[in-house]
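Labels below follow one simple rule: chain letters A, B, ... track the order of the sequence lines, proteins then strands, and each chain is numbered from 1.
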Amino acid sequence: MSQGAIHDLGYQRYTGARRDAGTRWRVIMRHQIAMAWKTWWRFKAWVGMAMLIAFIAGAVMYIMSNRMFHGMGRMGDAVLLIRDVALPQSIAWFCRAAFICSLTLNATIIAGDVQSGAFTFYFARSTRPRDYVIGKLAGLGVLMAILTLVGPLLLAGLRLGLCESLSDVIDHLVLLPKAALVGALATCAYAAVPLGFSALADSRRTALALWAAYYLVGGTIAIMIGGISHTGWIAALDLPSAVEGVAGKLFDVPVLGGRLTHVTLTQGIVSLAVQIVVAIAIVASSVGKAQKSGVGGAT
Amino acid sequence: MTLIALKGLAKRFGPIVALSEVDAAIDGKIIGLLGPNGAGKSTLLKCLLGLVPFEGTAEVLGIPAATRGADIRDRVGYMPEQEAFLAGMSAVELCTYAGELSGLPRTEAMQRAHASLYYAGLEEKRYQPIDGYSTGMKQRVKLAQALVHDPELLFLDEPTNGLDPRSREEMLELIVDLPVRRGCAIVLSTHLLPDVERVCDHAVIMHKGRVRFVGSIDELRGARGRLGELIVEVKAEPEKLSAALSAAGATCRQTTPVQLEVDLPASATNKLVFQAARDVGVQVRGIEVRRESLEAAFLRVIEAA
C-alpha cells in the first residue's frame with residue numbers, strides 16, 4: 001500500500017441509534033450459540049447423541065405400549081412399569097451427553113478467553129462484566145437445554161400420546177412439568193458448574209482437567225462416602241446423582257444402580273442450587289477482575 | 001471541547017502510587033503518549049476508559065470517566081498491544097461482533113466490519129480465520145475492530161510492534177490518514193520515538209505516575225531552542241563562513257559539506273550570519289533555529305523529573 005492508495009469504500013459517520021447497553025448480553029448469547037454450532041465436535045455431535053437417547057427411550061416406551069405385551073399376564077405389569085420408567089431413566093443418559101458436551105464446550109470458555117486476550121476485546125467496549133456473565137450463561141443454557149430439557153419434554157409428550165383414554169392423559173399430564181423441572185435443573189447445572197471451573201484456571205487444559213476430576217473422581221468419592229455413611233447430602237454433591245435424585249423422587253420410580261438411594265428431593269435441589277450459585281459467583285468474580293486487568297495490560 | 005481533561009487524577013494500587021495528581025488538558029489530532037515502562041500509561045488508559053475507580057476527575061470527549069465509562073467506550077476505539085481475538089473466528093466475524101458489542105445493529109455492524117477491514121488493507125483475506133494470520137495482518141485486524149463502531153477518539157497501544165519496515169510504514173500511513181478521512185483523534189501510546197516524530201502533532205510525556213509534558217511536538221523540541229543556536233545551510237565553502245563567524249565570537253561546527261551548526265555570542269542575532277556571509281562571499285541558502293531531536297527532548301524531560 002503506497003501513499004494515496006489507502007483503501008476506502010466510502011466512509012460515512014454513523015448517525016443511527018446505538019442499542020442500549022442492557023442488550024449486550026443478547027449479542028454475547030447469540031455469539032456463544034453460533035460458535036458452538038460452528039464445528040461438529042463442539043456441540044452438534046452431542047445433540048445427535050441426545051437425539052439417539054430420546055429415540056431409544058421413545059422406542060422402548062412405544063414398544064412396551066403394544067397390546068401384545070399387555071396380554072402376557074404377570075409380564076404385563078412389568079412392561080407397563082418399563083413404559084413409565086423409560087423417561088426418568090433416560091435422564092441419566094441425557095446428563096452423560098451434557099457432561100461430554102461440557103468437556104468440549106463450557107469447561108474451557110473463560111480460561112480460553114483469558115488465553116486469547118478476549119477480555120480486552122470485550123471490555124474495551126461498553127460491555128459490562130454482568131453482560132458477559134449473563135450472555136455466556138444464557139447461551140450455554142440454550143445449548144444445554146437442547147441436550148437435557150428437550151429430550152425429557154419430548155418423551156413426556158410421547159408418554160401422553162401413548163395414553164389409552166382421556167382420564168389416562170389427565171393422570172399423566174403432570175409428567176410435563178416434572179420433566180420440565182428436572183430438565184431445567186440439569187440445564188442450569190450443566191451450563192453453570194463447568195463454566196465456573198473454566199474460571200478457576202488461566203489455562204484451558206487445567207480448567208478441563210479440574211472439571212473432569214471434580215465430576216468423575218469427586219463425584220465417585222461423594223457417592224461412595226454418601227453410600228457408606230447413608231448421608232444423602234454428601235451423595236448429592238455428585239452432579240448426576242443430584243439430578244437423578246430429583247428425577248427419581250419426582251417421578252416416583254425405583255432407581256437402578258443404587259445411585260439415588262440416599263439423595264432426597266430437597267437434597268438434590270439444594271445441592272444443585274448451591275453448586276450453580278457458587279459457580280456463578282466464581283465466574284462473576286473472575287470476569288470482574290479480568291475487566292480491570294485486560295485493557296492496557298495487567299496492572 | 002478539550003479531548004481529554006484531567007484534574008487531580010490519582011490512582012493507587014495498595015501501597016503503589018500509579019498516578020499522582022495528574023493535571024492536563026490534552027488536545028490535538030494525533031497525540032503521542034510517551035513514557036518509560038511503569039510510567040503510568042496503562043493505568044491512565046484504564047482510568048480514561050472508566051475501567052478502574054480513581055480520585056480526581058477525568059473527562060474524555062466531555063464525558064466524565066468516573067461515572068460514564070460505558071458511554072466513553074461507545075465513542076472511543078481501542079487497539080490493544082497484545083492479541084485480543086476470539087478463537088475460531090474470521091476477521092469479518094470478529095469485527096461484526098465488535099460492532100454489535102458497541103451497540104450497532106447487526107446489519108450495520110456487518111457493513112462497517114467489511115469497510116473497516118478493507119480500509120485496513122485486509123481485502124479478501126478478511127474471510128479467513130484470524131488464527132492463521134501473520135503479525136502484520138493481526139495488527140490490521142486490531143485496528144479494524146477498533147474502528148468498526150465509528151469512534152471519535154482512538155487509543156492505539158504500540159500499533160507498530162513486531163511489524164516489518166514495510167508494514168510499519170503502511171500502518172503509520174493509516175494512522176496519519178485516519179484523522180483526515182474519518183475525523184477521529186488518535187492517542188498513540190508507543191516507545192518508538194521515530195513513530196511519534198513521523199505522525200504525531202502533540203505529545204504527552206509521563207514519568208513515575210505524573211504528566212511531565214503536554215503540548216505540541218514543536219513545543220517539545222523547540223522548548224530548549226533559542227534564537228542564538230542555528231543551523232545554517234550554504235551553497236558552498238562553509239569553512240569560509242565558519243572562519244568569519246568564529247572571528248566574530250561565534251562557535252561553529254560543520255555537520256555536512258553544506259551545513260553548519262552555529263552558536264552565536266549572547267548579544268548577537270542571525271543578522272551576524274548574513275553579515276559574515278556577505279563579507280566572505282558565501283551564499284546562505286537556509287537558516288533555522290536549531291532544535292533538539294525528539295529523543296533528546298524526551299530524555300531531557302524524563303531526566304528533569
Quick one: closest heavy-atom pair of [X] and [Y], and the distance?
{"X": "B:Asp150", "Y": "A:Arg18", "value": "O-NH2, 3.9 Å"}
{"X": "B:Cys184", "Y": "A:Arg13", "value": "N-NH2, 4.5 Å"}
{"X": "B:Ala70", "Y": "A:Ser126", "value": "O-CB, 3.4 Å"}
{"X": "B:Glu108", "Y": "A:Tyr14", "value": "CG-CE1, 3.3 Å"}
{"X": "B:Pro105", "Y": "A:Ala17", "value": "CD-O, 4.1 Å"}
{"X": "B:Met89", "Y": "A:Lys38", "value": "CA-NZ, 4.0 Å"}

Checklist entry - Can A:Asp131 and B:Leu101 be said to form a side-chain contact (heavy atoms from CB on, under 4.5 Å), step by step? => result CA-CA 10 Å; A:Asp131 298 326; B:Leu101 285 174; over 6 Å; no

Item to check | Derivation and outcome, side-chain contact (heavy atoms from CB on, under 4.5 Å), residues B:Leu86 and A:Tyr122 | outcome: CA-CA 10 Å; B:Leu86 280 73; A:Tyr122 281 109; 3.4 Å; yes

Does atom [atom1] of [X] have more than 12 heavy-atom neighbours from other groups under 6.0 Å away?
{"X": "A:Asp202", "atom1": "CG", "result": "no"}
{"X": "A:Met49", "atom1": "CE", "result": "yes"}
{"X": "B:Lys138", "atom1": "NZ", "result": "yes"}
{"X": "B:Tyr127", "atom1": "OH", "result": "yes"}

Starting at [atom1] of [X], measure out to [atom2] of [Y] and round the result to the nearest 0.5 Å.
{"X": "B:Lys46", "Y": "A:Gln291", "atom1": "NZ", "atom2": "CD", "answer": "10.5 Å"}
{"X": "A:Phe123", "Y": "B:Leu49", "atom1": "CZ", "atom2": "CG", "answer": "13.0 Å"}
{"X": "B:Glu83", "Y": "A:Thr120", "atom1": "CD", "atom2": "OG1", "answer": "11.0 Å"}
{"X": "A:Asp113", "Y": "B:Phe85", "atom1": "CG", "atom2": "CZ", "answer": "14.0 Å"}

Checklist entry - Any idea which of B:Arg112, B:Arg106, B:Lys41, B:Glu81 has the most non-hydrogen atom pairs under 4.5 angstrom with chain A? => result B:Arg112

Next on the checklist: Please rank B:Glu158, B:Glu93, B:Lys142 by heavy-atom pairs under 4.5 Å with chain A and give me the top one.
Outcome noted: B:Glu93

Next on the checklist: Quick check for you: among A:Ala21, A:Ser116, A:Gly16, which has the greatest number of heavy-atom pairs under 4.5 Å with chain B?
Outcome noted: A:Ser116

Checklist entry - Can A:Arg24 and B:Asp74 be counted as an ion pair, charged N to O under 4.0 angstrom? => result yes

Checklist entry - Are A:Arg19 and B:Leu104 side-chain neighbours, meaning at least one heavy-atom pair lies under 4.5 Å? => result no

Checklist entry - How are the rings of A:His31 and B:Tyr97 set relative to one another: parallel (under 30°), tilted (30 to 60°) or perpendicular (over 60°)? => result parallel

